[in-house]
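The next block holds one structure in the form of structure tokens; read it before the comments.
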Amino acid sequence: MIGISFIYDLRENLLEKKTFFVKTLDDVSPSPDCHSEVLLENSSYLLCSTRHNEYPVSFFTAGEFTIYIEGKIYGQDEPAIRKSLCELGKDLIDNKKNIKTAISEWILVTEGDFIVFLLHNPSRRIFILNDVFSRLPLYYHISDDKLIISRNYRFISQLVSNRDFSRIAIAEYLLFCYSLGPRTFLKDVNRLPAASLVQVDIEKGTVRQETVYEFNLDNKKYRNRSAQRNAAELVRLFTQSCREKTSGQGIKGDSSYSSHSGSCQNKDGTHGLNVLSLSGGMDSRAIGAGFYHEQIPFVATTWLDYQKKSQPEVDTAKIVAKACGAEWQLFPLQFSPAKDVLRLLWMKNGQIILARPHSMQYLDRIKQQYGSNITHFTGSGGDLMLRDLRPIRMIMNADDLVEYIINKRQVIPIEVVAALTQISEQEIREHLKDHVLSYPENKWGQKLIHFIIYEQSYKRIHEAEDFRKLLFWTDSPFWSVRFFRYTMNCPDSQKSHRLLYTRFLNLLNPAAVQIGYARNSTTVPISIAKDRYRIYQIISTVRRWPNPIRFVWKKIKRLYKSNDISRRTVNPPSDLINCMKEQIQNCDTINQYLSRRDLEKVIDNPALLGHSEALACLFTVISTIEDLSRGKSTIEDYPESNLDPFY
């Protein structure tokens with residue numbers, strides 16, 4: 001990936017290795033349009049940046065500080081951002097406030113997707129922090145005398161001396177399609193949590209990493225407000241986010257990107273074209289409705305796969321675009337060969353699933369049509385913030401929560417994961433239990449929501465959005481700190497049966513509410529949402545308590561499904577199966593961490609996995625292990641083949 005890379009080393013003279021680091025960054029860059037350069041250099045540290053011309057990076061000196069900003073800070077002009085960061089830096093240096101308090105107070109009022117690097121020149125202290133949602137994924141390695149922190153996972157993997165893989169991280173990835181907490185495939189490389197601070201004191205030779213803030217979802221501040229009042233406030237915050245994220249506000253320094261005049265700009269003329277990926281669902285149409293509400297010009301785009309499976313999405317998106325007053329562009333896609341799968345692997349190194357490679361073709365088409373100086377919007381976040389994510393039954397204790405998460409969220413069945421990794425089911429459960437118990441909430445249902453947001457969303461959704469930044473800036477108005485904090489303080493019961501979402505969307509654009517959803521061609525009018533909500537209030541208590549009849553039926557149904565393999569529909573392309581077989585033959589490291597006997601058993605009979613996503617997850621794991629350990633992928637031998645488990 002593109003973005004920041006920072007190396008700190010007490011033992012070696014980094015100035016002598018500067019050329020090597022820049023070459024390594026260029027070698028692992030997944031795009032020929034990107035270039036790397038050193039912004040700060042010293043015998044003990046180097047600050048580097050890899051980017052294309054339109055990627056937002058700023059580098060400047062303000063008072064006693066040298067500051068690097070990657071990404072965008074919204075709602076503030078350049079002088080305000082400089083002043084804000086200098087004041088934050090002084091608080092950190094003067095110790096007038098607790099450091100965690102100072103950082104948390106700042107990030108909770110600062111809108112944007114960003115990474116900030118602060119160097120206090122007199123004291124030679126360095127602070128690196130990210131936003132409250134970790135929207136720009138960052139990875140790091142810390143040892144006794146070294147720190148490597150980078151947006152590019154492959155870059156760090158090239159520099160660490162120990163490339164041992166983490167068995168439990170692999171097991172968690174196979175189970176959920178992401179590893180929990182900071183873990184990644186490599187033992188010595190971690191993901192930087194959201195709202196984190198990394199401190200380097202060069203004079204003392206110390207490095208420290210800590211999470212300064214984590215949302216606690218227990219208390220619902222606005223639980224006594226009506227759904228209509230909450231919806232109205234959410235509209236106010238959402239439209240504010242729409243305005244900020246399309247205004248082009250931000251800071252430009254000595255190494256900042258420059259905006260070019262395009263054929264279509266937004267209403268204040270300060271930024272490139274706004275492009276919305278529009279589907280037939282709720283979330284992207286909510287953004288279109290928000291733009292319509294604020295009279296923000298935008299273009300809507302939709303893709304149609306080569307087998308035309310997404311035709312219902314296309315038909316609905318066209319109607320939604322018209323209702324929102326937007327120009328609409330359809331991109332019919334061709335078959336996507338394995339070379340696009342390889343691009344996904346090299347971009348994100350297993351942090352996103354190797355499936356549906358036509359997404360790359362779609363993004364390439366957008367770039368060809370509109371260029372790189374655009375802001376590309378997706379509906380990311382809407383399905384998390386405006387849905388009732390609570391468990392459908394009462395969770396009684398930690399073990400109950402663990403079983404619920406596994407039953408509802410597992411991608412590969414836990415018994416298959418245990419066989420593949422040679423880690424017992426009980427050990428996997430204990431790791432999951434320890435992790436959810438570390439969450440700040442006391443209520444089991446809110447711990448589940450915390451899991452969905454901090455694990456599923458931050459890992460799968462943010463990583464999937466992130467690789468698009470290699471082509472152009474991508475964002476979503478749902479990921480506003482103000483909007484998130486308000487919606488998480490609304491009662492979950494109001495989110496049931498789309499009551500709150502329907503009211504919210506109706507206030508943005510009533511016409512958008514009347515258009516059927518692509519999946520079932522139906523809508524949920526406000527009157528029906530109200531009736532369902534009243535019924536829900538009556539029966540919610542009953543349906544959440546354990547029901548012995550339902551419990552026994554689920555056990556019987558699960559046993560029936562597990563035994564009836566013939567009913568499962570997993571029909572992978574033959575080239576994919578052949579590629580996976582070659583991978584386990586070519587790479588001994590795969591066989592060190594996964595049972596070869598069980599791998600071959602699953603590959604020969606993919607129905608054991610249950611569905612195509614599970615096969616894609618397994619393919620991602622073995623492809624990443626092979627690529628990181630060998631520096632070469634068997635996928636390279638299948639450039640024009642079909643390696644997509646879904647087609």
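These numbers were taken from a predicted model, which means no experiment stands behind them.
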Verdict with supporting geometry, Lys72 and Glu111, salt bridge (Lys or Arg N to Asp or Glu O under 4.0 Å): CA-CA 8 Å; Lys72 295 189 178 183; Glu111 295 284 352; over 6 Å; no

Inspect the contact between [Y] and [X] and indicate whether a charged nitrogen and a carboxylate oxygen are less than 4.0 angstrom apart.
X: Asp9; Y: Lys17; result: no
X: Glu64; Y: Lys90; result: no
X: Glu455; Y: Arg409; result: no
X: Arg630; Y: Glu636; result: no
X: Glu441; Y: Lys447; result: no
X: Arg135; Y: Asp466; result: no

State, without any angle test, whether [X] and [Y] hold a side-chain donor-acceptor pair at a distance under 3.5 Å.
X: Thr50; Y: Ser36; value: yes
X: Thr66; Y: Asn121; value: yes
X: Tyr439; Y: Glu214; value: no
X: Glu172; Y: His435; value: no
X: Gln351; Y: Arg191; value: yes
X: Gln76; Y: Tyr74; value: no
X: Asn152; Y: Ser150; value: no
X: Thr634; Y: Gln583; value: no
X: Gln158; Y: Thr24; value: no
X: Glu465; Y: Thr378; value: yes

Can you tell me how far [atom2] of [Y] sits from [atom1] of [X], rounded to the nearest 0.5 angstrom?
X: Arg163; Y: Ile625; atom1: CZ; atom2: CD1; answer: 14.0 Å
X: Ile423; Y: Ser595; atom1: CD1; atom2: OG; answer: 12.5 Å
X: Tyr593; Y: Ile622; atom1: OH; atom2: CD1; answer: 16.0 Å
X: Ile4; Y: Cys48; atom1: CD1; atom2: SG; answer: 9.0 Å
X: Leu119; Y: Leu47; atom1: CG; atom2: CG; answer: 9.0 Å
X: Asp164; Y: Ser629; atom1: CG; atom2: OG; answer: 11.5 Å

Side chain to side chain, [X] and [Y], heavy atoms closer than 4.5 Å:
X: Thr474; Y: Phe467; answer: no
X: Leu576; Y: Met580; answer: yes
X: Trp479; Y: Val132; answer: no
X: Gln199; Y: Ile128; answer: no
X: Leu129; Y: Ile107; answer: yes
X: Arg429; Y: Lys433; answer: no
X: Met347; Y: Leu470; answer: yes
X: Met1; Y: Leu136; answer: no

Audit row: Tyr458, Glu463, side chain to side chain donor-acceptor pair (under 3.5 Å) steps and yes/no: CA-CA 7 Å; Tyr458 288 6; Glu463 293 281 6; over 6 Å; no

For [Y], does its backbone N or O pair with a side-chain atom of [X] as donor and acceptor, under 3.5 Å?
X: Thr620; Y: Leu354; value: yes
X: Asn216; Y: Pro440; value: yes
X: Thr101; Y: Lys97; value: no
X: Ser476; Y: Ser380; value: yes
X: Lys100; Y: Glu210; value: no
X: His120; Y: Arg125; value: no
X: Asp201; Y: Thr206; value: no

Aromatic ring pairing Phe117/Tyr68, orientation class (parallel under 30°, perpendicular over 60°, tilted between):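 If you compare the ring of Phe117 with that of Tyr68, the planes turn out perpendicular.
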
Aromatic ring pairing Phe215/Tyr213, orientation class (parallel under 30°, perpendicular over 60°, tilted between):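 Answer is perpendicular, since the angle exceeds 60°.
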
Quiz item: cation-pi between Arg82 and Phe60, 6.0 Å / 45°: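 Yes, Arg82 and Phe60 form such a contact.
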
Neighbour count above 12 (heavy atom, 6.0 Å) for [X] [atom1]:
X: Lys367; atom1: NZ; value: yes
X: Arg356; atom1: CZ; value: no
X: Arg596; atom1: CZ; value: yes

Side chain to side chain donor-acceptor pair (under 3.5 Å) between Tyr139 and Thr184, intermediate numbers included: CA-CA 9 Å; Tyr139 311 95; Thr184 71; over 6 Å; no

Worked check of side chain to side chain contact (heavy atoms under 4.5 Å, CB included) between Gln209 and Ile149: CA-CA 11 Å; Gln209 181 274 324; Ile149 187 166; over 6 Å; no

Minimum heavy-atom distance between Pro337 and Pro639, given as atom pair plus value: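 What the structure gives for the nearest pair is CB-O, 3.3 Å.
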
Ring pair (Phe, Tyr, Trp, His ring centres under 6.0 Å) between Tyr178 and Tyr173, worked out: CA-CA 4 Å; Tyr178 45 81; Tyr173 196 103; 7.8 Å; no

For Asp627, the option from Arg154, Lys348, Lys632 that meets salt bridge (Lys or Arg N to Asp or Glu O under 4.0 Å):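 Single salt bridge (Lys or Arg N to Asp or Glu O under 4.0 Å) partner of Asp627 among Arg154, Lys348, Lys632: Arg154.
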
Worked check of side chain to side chain contact (heavy atoms under 4.5 Å, CB included) between Tyr454 and Phe133: CA-CA 9 Å; Tyr454 271 77; Phe133 300 124; over 6 Å; no

Step-by-step side chain to side chain contact (heavy atoms under 4.5 Å, CB included) determination, Phe6 to Val200: CA-CA 11 Å; Phe6 176 74; Val200 179; 4.3 Å; yes

CA sep, side-chain torsions, deciding dist, call: Asp91, Trp106, side chain to side chain contact (heavy atoms under 4.5 Å, CB included): CA-CA 11 Å; Asp91 286 340; Trp106 187 82; over 6 Å; no

Residue that, paired with Ser623, satisfies side chain to side chain contact (heavy atoms under 4.5 Å, CB included) out of Ile635, Leu643, Ile590: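 When Ile635, Leu643, Ile590 are each tested with Ser623, the side chain to side chain contact (heavy atoms under 4.5 Å, CB included) holds only for Ile635.
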
Test of ring centre spacing under 6.0 Å for Phe478 and Phe484: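 When the ring centroids of Phe478 and Phe484 are compared, they turn out to be at least 6.0 Å apart.
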
